[in-house]
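Source: prediction; values computed, not measured.
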Amino acid sequence: PSGTELSVEDAAGDTYTLRFRFWINNQSRMYLLEGTAELQHHYHLKMGDVLIFAQKEDSTIVLAGRPPTKADAQKKPPVRRPSPTPAGRGTARREQPRGAKDRNKRRALQRFGLSGDDV
């Protein structure tokens with residue numbers, strides 16, 4: 001995996017060293033941000049929370065963490081891409097029944113602490 005070391009500071013001026021890694025996996029890239037345990041404890045981050053990065057004019061990278069908002073869930077819905085089927089094998093992916101789609105949507109919203117009424 002390739003990677004880049006990032007030196008970042010938070011609003012309080014504390015400095016953290018993170019490692020941003022990525023690699024090609026099939027037809028997409030996998031991304032990983034390592035060294036975030038201290039940030040997770042400092043900001044009490046949980047799965048689904050948001051890390052915000054900004055670059056100041058002097059090229060310093062500043063970050064902050066916060067819980068997700070309704071707007072975060074609305075900005076970028078998950079993208080489902082059909083997996084390529086090898087030539088001569090199988091058929092195109094079957095469509096999910098309506099009930100399964102609704103169940104999956106409810107579960108995804110619950111992960112962010114939202115209900116269907118929130119979006």
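Listed by chain and number, the residues in a side-chain contact (heavy atoms from CB on, under 4.5 Å) with Leu51 are Leu33, Leu45, Phe53, Leu63 (sequence neighbours excluded). Considering only residues two or more places apart in sequence or on other chains, Asp14 meets the side chain to side chain donor-acceptor pair (under 3.5 Å) condition with none of them. In this structure, Glu38 has no salt bridge (charged side-chain N to carboxylate O under 4.0 Å, His left out) partners at least two apart in sequence or on a different chain. Evaluation of the side chain to side chain donor-acceptor pair (under 3.5 Å) rule for Gln40 yields no partner, not counting sequence neighbours. Residues passing the side-chain contact (heavy atoms from CB on, under 4.5 Å) test with Asp58, sequence neighbours excluded: Lys56, Thr60. Checked against side-chain contact (heavy atoms from CB on, under 4.5 Å), Ile24 has the following partners two or more places apart in sequence or in another chain: Arg29. Checked against side-chain contact (heavy atoms from CB on, under 4.5 Å), Glu57 has no partners two or more places apart in sequence or in another chain.
Residue pairs satisfying the ring pair (Phe, Tyr, Trp, His ring centres under 6.0 Å) criterion with at least one member in residues 27-49, sequence neighbours excluded, are listed as follows: Phe20-Tyr31.
Hydrophobic clustering of Ile, Leu, Val, Met, Phe, Trp and Tyr side chains at less than 4.5 Å, counting indirect connections, keeps Leu6 apart from Val62. Linking ILVMFWY side-chain heavy atoms closer than 4.5 Å, directly or via other members, places Phe22 and Leu18 in a single hydrophobic cluster.
Using a 4.5 Å cut-off between side-chain heavy atoms of Ile, Leu, Val, Met, Phe, Trp and Tyr, Val50 falls into a hydrophobic cluster with Ile52.
Pairing each heavy atom of Ile61 with each of Ser7, the nearest pair is CB-O, 4.1 Å.
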